[in-house]
Student: 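Shown below is the structure under consideration.
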Amino acid sequence: MTETNTKPETTENHADKIWEFFCSLKLTVIILLLLSVLSIIGTVLQQNAPAAEYIKEYGQANYELFVNLQFIDMYHSWWFIGLLGLFSVNLICCSIKNFPRVWKFVREPVLIASPGVLKNSANRLEATSKEDKQQLADRLAVLLKKEFGTPQRSEKDGKLYLFAQKGIYSRFGAYATHLSILIIMAGAIIGNIWGYKAYVNIVEGTSTSQVWSRGGQVPIDLGFTVRCDDFDVSYYPNSRRPKDYNSDLVVLENGQEILRKRIEVNDPLTYKGITFYQSSYGSAGNAFFQIKITENATGKVMNIKAGQGQHIKLPGGYAFSVSDFTATGRFGPAARIHVNTPDGRHGTPFMVLKNFPDFDVKRGGKFSFSLIDYNEPQFTGLQVAKDPGVEIVWVGCLLMIFGSLTAFFFSHRRIWVCLEDAGGKTKIQVAANAHRNQPGFSLTFDDLKLKLEATIENKSSKKEG
Amino acid sequence: MDSGTLFNVTTIAYFAAMVLFFAYIASKSNTVAFVATLTAFVGFLINTAALGMRWYESYQILGQDGRAPLTNLYESVVFFAWTIVLIYLLIDLKYKQRAVGAFVMPFALFSMLGAQMWLNAGIDPLVPALQSNWLTYHVITCFLGYAAFAVACGVSIMYLLKIGKEEKYQGDEPMAGILGLFPSCRVLDDMNYRAIMIGFPLLTLGIVTGAAWANYAWGTYWSWDPKETWSLIVWFLYAAFIHARFTRGWAGRRTAWLSIFGFAATIFCYMGVNLVLSGLHSYGGG
């Protein structure tokens, strides 16, 4: 070796070392452990809360430290994303390094077992037969085809070889799992760049064509209009626990009704890649009441529509107003009403119950009230999401599940048969192996042994019992 | 008989099985080992019946709003005990290493005792967010995974107890004393790996079904909520375990420790997040 050669070799050594570093399983283990330990931070320290909350809890100095270390949004910090990036590089390098070795099993299967394999394999069989090796090979090929897959025949040095395999795909399980992680990451990145998470509140009977991004100040145009025709909450019997809430949504484009759906929690509406999820609800302004009033002295009945807080005139200079209302009171919907006297004095408030229309008669006032009906306008709170990466994520998830199951539970099983002439007889050697779960394969091979022996002797294995 | 009584009987059976497994280690009697396994199996059948009874009771109490008993902390803990014994019995079928029972049955027993003593066993109707078939798939896959990790943890403890002695031990005879009844460290390591091999795809499936459900209910498959993050931490730890096993210097003691840390993180993900941290899964805390 000359002097001039040394220099490029050291740089090559450096490159090799870097390559080996990125390929090493030790790096994988360390990255995985680091990811798991660092992820804890964000579960202990609240993420993306207003600055004042951190300052109150931890003090100004600590808050500034958190900001500098990006602990406040740690899952999007440069160091966390960087670690995920390093993880991907490690994954890709490992796969590039090992894949050719595995691919060789597909491209260049070992058709001819070496004498070593035939002698030392944990799963082996030796037998002799008076029959011709071609005849034997034909029969064994039928058995192997049934048990393993179509065998490949080859001849070398006057010996006849059979080779069959199954489950070669299982060697790719780990690679599929690794690829799936990259696919999921790609899907997440696509969703982050071209998608959004937003929300919108729509009052019953109104419509909107804009939604509000979480944390953003500028509304997002949907490109179509969504109208909420109706919103309903139902409760479990004798309980205030909501059972269901749902909104009748209508999608409109250029004033034309395109789509109509009643959405509920766990059943959203999707149009043009944008999905609307039932998320919350609330009261949107004052309720309206249909009230029946009886003047007790005359028996005169009036049906009046009143808004909450509105003062409405009654005969004789009196007036009344609904000051409060609940739809979910102990006795059902209940309105609090008071009557003002002609000289303007505020009367004692009383309750009127929708479910008991004659209840107010007992009060014995000048007028008796019954609540006939009410209409409480509500808004429906919708989460709005657009995520063009979500399908890619699901593809990745499916690949991960099948990949890991394949990697763990299936193995590549191979079997070799060697037939050679030995003094007028034929010597038969069989060897088999599995690249994983050898104990399990030994049991399978014990069964196969019986069938092989029966085939060699040209008997049915069943008859032998 | 109501489900509460059946769960009490289950607890007693698991306690008896545990004591019998200890007795086996002390006495080395194969009969005791057989009776212990049988007791665990009977307890498992009663546990199954209790879960079925609670399912039936939910229809009696809630009418058409009845549901599979997988909806609150109490139900999940008694289901967890069921999955632990299920996975244990399946692994026992294959390995027939009875001493392992002494290190796995305590997990099932503590689950049952914890549920009986501290958790609210009421049957309440479901809030709208939980009314989904995804709930069932999500809970079943997660807990089968957790149970496999519990078995792996028990086996890892045995491994760490034995490995020091086994390395020093010389001679062809089996080791004397209690450790002699333990499977060899090679078998324990294999069992550990097998259990995690079962648990890891199930955990993956649990996380994926959870993500799919979250996406269907809220439009986000991942929001770094503490429960989600902790499930990912657990996933990272067992992924590290799987790779460490093929890495020189990591296989052996360190992987056994990883399996134990993994299970500790699993328990924190399951209980700690609900009790200590808050998030989307807080309604599971009832």
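Per chain, numbering begins at 1; letters A, B, ... match sequence-line order.
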Student: So, for B:V100 and B:P183, which heavy atoms are closest and what is the spacing to 0.1 Å?
Tutor: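 The answer is CG2-CG, 4.3 Å.
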Student: For the CZ atom on A:F99, are there more than 12 heavy atoms of other groups (residues, nucleotides or ligands in this structure) within a distance under 6.0 Å?
Tutor: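 Atom CZ in A:F99 is packed in, count exceeds 12.
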Student: Is it the backbone or the side chain of B:F241 that comes under 4.5 Å from a heavy atom of chain A, or both, or neither?
Tutor: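 The answer is neither part of B:F241.
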Student: Which one of A:T28, A:L38, A:I401 has the most heavy-atom pairs closer than 4.5 Å to chain B?
Tutor: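 Among the listed options, the one with the most contacts to chain B is A:I401.
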Student: Quick check on B:I242 against chain A: is it the side chain, the backbone, both or neither that has a heavy atom closer than 4.5 Å?
Tutor: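 Contact with chain A: side chain only.
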Student: B:L258 versus chain A, heavy atoms under 4.5 Å apart: side chain, backbone, both or neither?
Tutor: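 Just the side chain, heavy atoms under 4.5 Å.
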Student: Closest approach of B:Q97 and B:V187, non-hydrogen atoms and distance?
Tutor: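 The pair with the smallest heavy-atom distance is NE2-CG1, 4.2 Å.
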Student: Using a 4.5 angstrom heavy-atom cutoff, name the option from A:T275, A:V44, A:D244 with the most pairs to chain B.
Tutor: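 The option with the most such pairs is A:D244.
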Student: Heavy-atom distance under 4.5 Å to chain A: side chain of B:A212, backbone, both or neither?
Tutor: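 Contact with chain A involves both backbone and side-chain atoms of B:A212.
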Student: Angle class for the A:Y58/A:F66 ring planes (parallel below 30°, perpendicular above 60°, tilted otherwise)?
Tutor: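 The arrangement is perpendicular - the two ring planes meet at more than 60°.
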Student: Answer with yes or no after comparing the ring centroid distance for B:F263 and B:F107 against a 6.0 Å cut-off, counting only values under it.
Tutor: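 Distance test on ring centres: under 6.0 Å, yes.
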Student: Just wondering, are more than 12 heavy atoms of other shown residues or ligands nearer than 6.0 Å to CH2 in B:W224?
Tutor: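 For B:W224, atom CH2 is crowded (more than 12 foreign heavy atoms under 6.0 Å).
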Student: For the candidates A:T270, A:N266, A:V265, A:L405, which exhibits the highest count of non-hydrogen atom pairs separated by less than 4.5 Å from chain B?
Tutor: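 Highest number of heavy-atom pairs under 4.5 Å: A:N266.
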Student: Does any backbone or side-chain atom of B:W134 lie under 4.5 Å from a heavy atom of chain A? Answer side chain, backbone, both or neither.
Tutor: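 The answer is neither part of B:W134.
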Student: Taking only residues two or more places apart in sequence, or in another chain, which ones meet A:K26 in a salt bridge (Lys or Arg N to Asp or Glu O under 4.0 Å)?
Tutor: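 A:K26 satisfies salt bridge (Lys or Arg N to Asp or Glu O under 4.0 Å) with no other residue.
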Student: Compute the centroid of each ring, for B:Y270 and then for B:F80, and state whether the two points are separated by less than 6.0 Å.
Tutor: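 Yes, close enough.
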Student: Check each atom of A:V37 against the heavy atoms of chain B and say whether the ones under 4.5 Å are side chain, backbone, both or neither.
Tutor: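 A:V37 has no heavy atom closer than 4.5 Å to chain B.
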Student: If we define contacts as heavy-atom pairs under 4.5 Å, which of A:W394, A:Y245, A:F409, A:F276 has the most with chain B?
Tutor: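 Ranked by contacts with chain B, first place is A:W394.
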Student: Applying the side-chain contact (heavy atoms from CB on, under 4.5 Å) criterion to A:I31, which one of A:L91, A:V89, A:L86 satisfies it?
Tutor: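 Only one of A:L91, A:V89, A:L86 forms a side-chain contact (heavy atoms from CB on, under 4.5 Å) with A:I31, namely A:L86.
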Student: At under 4.5 Å between heavy atoms, what parts of residues 171-181 of chain A are in contact with chain B? List them by residue number.
Tutor: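 Within residues 171-181 of chain A, the residues under 4.5 Å from chain B are A:H178, A:I181.
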Student: Are more than 12 heavy atoms from other residues, nucleotides or ligands located less than 6.0 Å from atom OH of B:Y137?
Tutor: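 Incorrect, the count does not exceed 12.
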Student: At a 4.5 Å cut-off on heavy atoms, which part of B:F261 comes close to chain A: side chain, backbone, both, or neither?
Tutor: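 Neither; nothing under 4.5 Å.
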Student: Are the ring centres of A:Y75 and B:W222 closer than 6.0 Å?
Tutor: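 Between A:Y75 and B:W222, the centre distance exceeds or equals 6.0 Å.
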Student: If you take the centroid of each ring, where Trp contributes its six-membered ring, are B:F149 and B:Y146 closer together than 6.0 Å?
Tutor: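 B:Y146 vs B:F149: aromatic centres not under 6.0 Å.
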Student: For the interface with chain A, which of B:L205, B:N215, B:D190 has the highest count of heavy-atom pairs at distances below 4.5 Å?
Tutor: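 Ranked by heavy-atom pairs under 4.5 Å with chain A, first place is B:N215.
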